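Reviewing the structure listed below.
Note that the structure is a prediction, hence the values are computed from the model and not measured. Just so it is clear: chains get the letters A, B, ... in the order the sequence lines come, proteins before strands, and each one is counted from 1.
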Protein chains: 2
Amino acid sequence: MLNSPLPRDPIAQAREQWVAHGWASEANAMAAITAVMRTASIFLQRADAILKPHGLTFARFEVLALLGFSKRGSLPMSHASELLQVHATSLTNSVDRLEATGLVQRVAHPTDGRTRLLELTAQGLEVLDAARTDLNAQLFAQSDLEAADATDLFEILSRFRRASGDFL
Amino acid sequence: MLNSPLPRDPIAQAREQWVAHGWASEANAMAAITAVMRTASIFLQRADAILKPHGLTFARFEVLALLGFSKRGSLPMSHASELLQVHATSLTNSVDRLEATGLVQRVAHPTDGRTRLLELTAQGLEVLDAARTDLNAQLFAQSDLEAADATDLFEILSRFRRASGDFL
DNA sequence: TCCAAACCCTTGGAAGTCCAAGTATATTGT
DNA sequence: ACAATATACTTGGACTTCCAAGGGTTTGGA
């Protein structure tokens, strides 16, 4: 995947270029946003590598984890896609694969013919538990984020996400 | 794209579930990492929407911007993919599209037959300037990140990226 | 010298994301 | 009651990312 570490942070370099070209007032936001994207891609790669032996990706893990927390054990697709904050089409894609491997079932809604309910299967629950254990041990417990940075990061991003209309 | 704001932050909810199930020590990293991914996806959608009228995506914009800053005006693919921190195959994909629309050219390296140099065309330079102006005005200058948060965010992510081996 | 190892780039395939459009079911307003 | 509107989900297409594998070119050690 990644080569050896670069001698100089390329995002910091881009930031300097921004300043040098007269866009100083946008430089910090540019650097922060670019760094967020890069960081997300690093974490996604790590998560997917950890989940691969479980036959999962991070996207599919999130679906399982959400179902595992739902009181009833079942959730309409629409509700799940809202909570996961992905498009309905992305969820359709993930669920197709989860259903094909027997981790999740689509069941008819008792009263609304449009709605399909997602349910974890017994096997889905097993895979979820094993995958979550691994993610906790190998990703979240060794995230390369210092404790204070993790909380600060979450707070900054919460302010941003609220300002951007993610939630109230 | 996005529905109406949710009444409650779903990542904060997941964090509570993590604590409630006995994974309290991993909860903050889980929440921070999930928030980074969500934030990246929000910014990527915004950037792509702004760049669409220019016939660009953020991935392709980054290639143009990098070439625009290079002293020579040309850069080997390998060097570009290192600086952009994406796989060589991803760059091949972007450059194929940039070349197809005439914004970039692949030229032979004078002495190394393996290497292909990327060059901005005149049209590529024009598109870059226009796209960058729009991104600065519509994304970076109105990022929903407060000034202090943008700098803190960049610093936290720089520490993380260094610790993760992104750069020295 | 010359063959093996390293390097640069591309192809093909799997997966994710989104959007636009389509189908089917519910709800609403007249 | 019934047509118009809204909701729920799926399909198809464009794009990105990665990985695994291949083809060419260069370099370096025996």
Letter by letter from the 5' end, nucleotides 1-15 of chain C scores (B base, S sugar-phosphate only, - none; protein heavy atoms under 4.0 Å) ------BSSBB---S
Next item on the list: Please determine, by modelled atom types, if A:R132 and A:N136 share a side-chain donor-acceptor pair under 3.5 angstrom.
Entry: no
From NZ of B:K52 across to C1' of D:dG13 the rounded distance in Å is 11 Å
Contacts of A:R116 meeting side-chain hydrogen bond (donor to acceptor under 3.5 Å, both in side chains) (sequence neighbours excluded), chain-then-number -> none
Please report whether the ring centroid of A:F160 lies less than 6.0 Å from that of B:F43.
yes
So the salt bridge (charged side-chain N to carboxylate O under 4.0 Å, His left out) pairs with at least one residue in residues 98-109 of chain B (sequence neighbours excluded) are B:D96-B:R106, B:E99-B:R106
Taken to the nearest whole Å, CD/A:Q45 to C1'/C:dG16 is 13 Å
Pairs under 3.5 Å (Watson-Crick or G-U), crossing ones as [ ], inter-strand ones as |: DNA chain C comes out as ||||||||||||||||||||||||||||||
Quiz item: Can you find a side chain N or O atom of B:H87 that sits less than 4.0 Å from OP1 or OP2 on D:dC19?
Solution: yes
The salt bridge (Lys or Arg N to Asp or Glu O under 4.0 Å) partners of A:D134 (sequence neighbours excluded) come to none
Exercise: do B:N28 and B:W18 side chains pair donor with acceptor under 3.5 Å
no
Across all chains, not counting sequence neighbours, the salt bridge (Lys or Arg N to Asp or Glu O under 4.0 Å) partners of A:D152 are none
Here the distance between atom C1' of D:dT17 and atom CG of B:L84, to the nearest Å, is 14 Å
> Are the ring centres of B:F69 and A:H21 closer than 6.0 Å?
Replying inline: yes
From NE2 of A:H109 across to P of D:dC9 the rounded distance in Å is 9 Å
